[in-house]
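Numbers restart at 1 for each chain; the letters A, B, ... are given by sequence-line order, proteins then strands.
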Number of protein chains: 2
Amino acid sequence: MSLFLSSYENRLDAKGRISVPASFRAALNNEKFAGVVLYRSFTNKCIDGLSMSRMESLAAATDKMGVFDNALDDLSAMLFADARPIQFDVTGRIIIPADLLAHAGITNTALFVGRGNSFQIWNPDAFRAAQNKSLENLRASRPNLII
Amino acid sequence: MSLFLSSYENRLDAKGRISVPASFRAALNNEKFAGVVLYRSFTNKCIDGLSMSRMESLAAATDKMGVFDNALDDLSAMLFADARPIQFDVTGRIIIPADLLAHAGITNTALFVGRGNSFQIWNPDAFRAAQNKSLENLRASRPNLII
DNA sequence: TGAAAAACCATAAAATCCCATAATTTGATT
DNA sequence: AATCAAATTATGGGATTTTATGGTTTTTCA
């Protein structure tokens with residue numbers, strides 16, 4: 001499985017469609033499911049994205065764990081309930097559900113950010129702000145870190 | 001077999017019909033039986049649903065285990081006695097039996113909740129309450145779990 | 001005969017398909 | 001290195017299909 005790398009800023013059209021970056025689609029091109037799975041990020045004001053096959057392996061993992069751990073059973077239940085499978089159209093676009101857009105504060109343009117095995121979708125400004133902040137945090141906590 | 005993912009809130013009409021979400025129907029589209037199997041959830045105030053083929057594999061599994069496991073035998077007996085096979089109409093709707101609706105406290109609208117290999121049908125408010133509670137439980141038992 | 005179930009028809013909103021075009025990247029050739 | 005042609009990608013919009021939902025009629029069967 002190839003990785004999600006780099007960042008791409010794309011536009012939402014009048015119908016709410018947005019192109020998934022070609023290189024991200026390439027990272028998904030031998031998947032059975034021609035699309036992505038989206039989530040509200042638990043930690044950030046952004047959307048998390050991954051492949052269906054990765055979703056399935058997460059499902060399998062928590063499925064096994066659930067036998068020994070009720071809390072994790074709850075967790076996996078939540079995982080399924082919140083996952084949004086979304087198919088590409090012919091030209092590689094998706095429609096991001098309105099509640100996810102709202103959560104991420106996305107209106108006109110969105111930033112696709114590679115994260116290796118997954119990716120995120122951000123309001124471009126919010127992403128830059130968040131990145132600056134985490135840079136500050138890093139500097140504060142590790143003054144001699146080479147940055 | 002594809003997974004039941006995401007959540008969909010649909011309405012019951014005057015005759016008690018309700019559309020099964022298209023994506024759930026898609027997860028069932030090469031089943032012999034054009035419908036679902038419903039039963040009262042043992043653990044929650046909701047309805048559990050699965051495909052007929054999964055019902056059959058449960059039968060096969062408990063058949064093997066039942067000989068050695070009385071508790072499991074009881075459970076599966078209850079499951080089969082309680083299970084209700086319900087066919088889709090032409091447009092993909094079902095009629096949920098009144099006693100199941102009562103058990104789940106469903107009146108006007110119902111929430112179909114994906115659970116991977118199965119799904120649940122909830123009163124929307126009751127589901128949100130239950131989800132919040134299990135989130136609290138998770139936080140309490142695993143404070144550093146990222147949620 | 002009467003009530004419930006099934007079949008049938010209708011419709012608005014949403015999603016998808018199809019085609020077109022602008023922008024960008026790639027590659028080839030000088 | 002510069003330039004042009006070809007392919008790919010992002011974006012836009014109209015036409016078509018699907019989906020959820022509602023209502024009416026027919027069938028079933030107790």
Is a side-chain donor or acceptor of B:Arg93 paired with a backbone partner of B:Phe88 at a separation under 3.5 angstrom? no

Using modelled atom types only, decide if a donor and an acceptor are shared between the side chain of A:Asn10 and the backbone of A:Ile18 within a distance under 3.5 Å. no

Rounding to a whole Å, what distance do you find between B:Phe88:CZ and C:dA6:P? 14 Å

If the test is ring-ring contact (aromatic ring centres under 6.0 Å, His included), which one of B:Phe112, B:Trp122, B:Phe127, B:Phe24 qualifies with B:Tyr8? B:Phe24

B:Ser51 side, atom OG; B:Asn29 side, atom CG - distance, nearest 0.5 Å: 11.5 Å

Just how far, in rounded Å, is C1' of C:dT16 from CZ of A:Arg17? 9 Å

First encountered from the 5' end of DNA chain D, between A:Tyr8 and B:Ser19: A:Tyr8

Would you confirm whether A:Glu31, through its side chain, and A:Ser53, through its main-chain N or O, come within 3.5 Å as a donor-acceptor pair? yes

Contacts of A:Thr91 and B:Ser23 projected onto DNA chain D by closest heavy atom; the upstream (5') one is A:Thr91

Tell me, please, the opening and closing nucleotides of DNA chain D, 5' to 3', among those with an atom under 4.0 angstrom from a non-hydrogen atom of chain B. D:dT19 to D:dT24

Measure CG/A:Asn10 against C1'/C:dA23 and give the value in whole Å, please. 12 Å

Between A:Ile86 (CD1) and C:dA14 (P), how many Å, whole number? 16 Å

Between the side chains of A:Asp99 and A:Arg84, is the shortest nitrogen-to-carboxylate-oxygen separation below 4.0 Å, so that they form an ion pair? yes

In whole angstrom, give the distance that lies between atom CZ of A:Arg25 and atom C1' of C:dT25. 14 Å

Euclidean distance, atom CG of residue B:Asp13 to atom P of C:dT11 [Å, nearest integer]: 17 Å

Where do A:Thr109 and A:Leu12 land on the side chain to side chain contact (heavy atoms under 4.5 Å, CB included) test, with the steps shown first? CA-CA 6 Å; A:Thr109 63; A:Leu12 286 115; 5.9 Å; no

Quick one: CG on A:Asn117 to CG on A:Leu50, what's the gap to the nearest 0.5 Å? 9.5 Å

Return the value, rounded to whole Å, for the distance between atom CD1 of B:Ile94 and atom P of C:dA7. 16 Å

Specify the angle, to 10°, made by the local axes at the two ends of the helix from C:dT1-D:dA30 to C:dT30-D:dA1 when five pairs are taken at each end. 40°

Counting N and O atoms only, with roles assigned by atom type, does the side chain of B:Arg25 sit under 3.5 Å from a partner on the main chain of B:Val20, one being a donor and the other an acceptor? yes

Rounding to an integer number of Å, can you tell me how far B:Asp89 CG sits from C:dA5 C1'? 11 Å

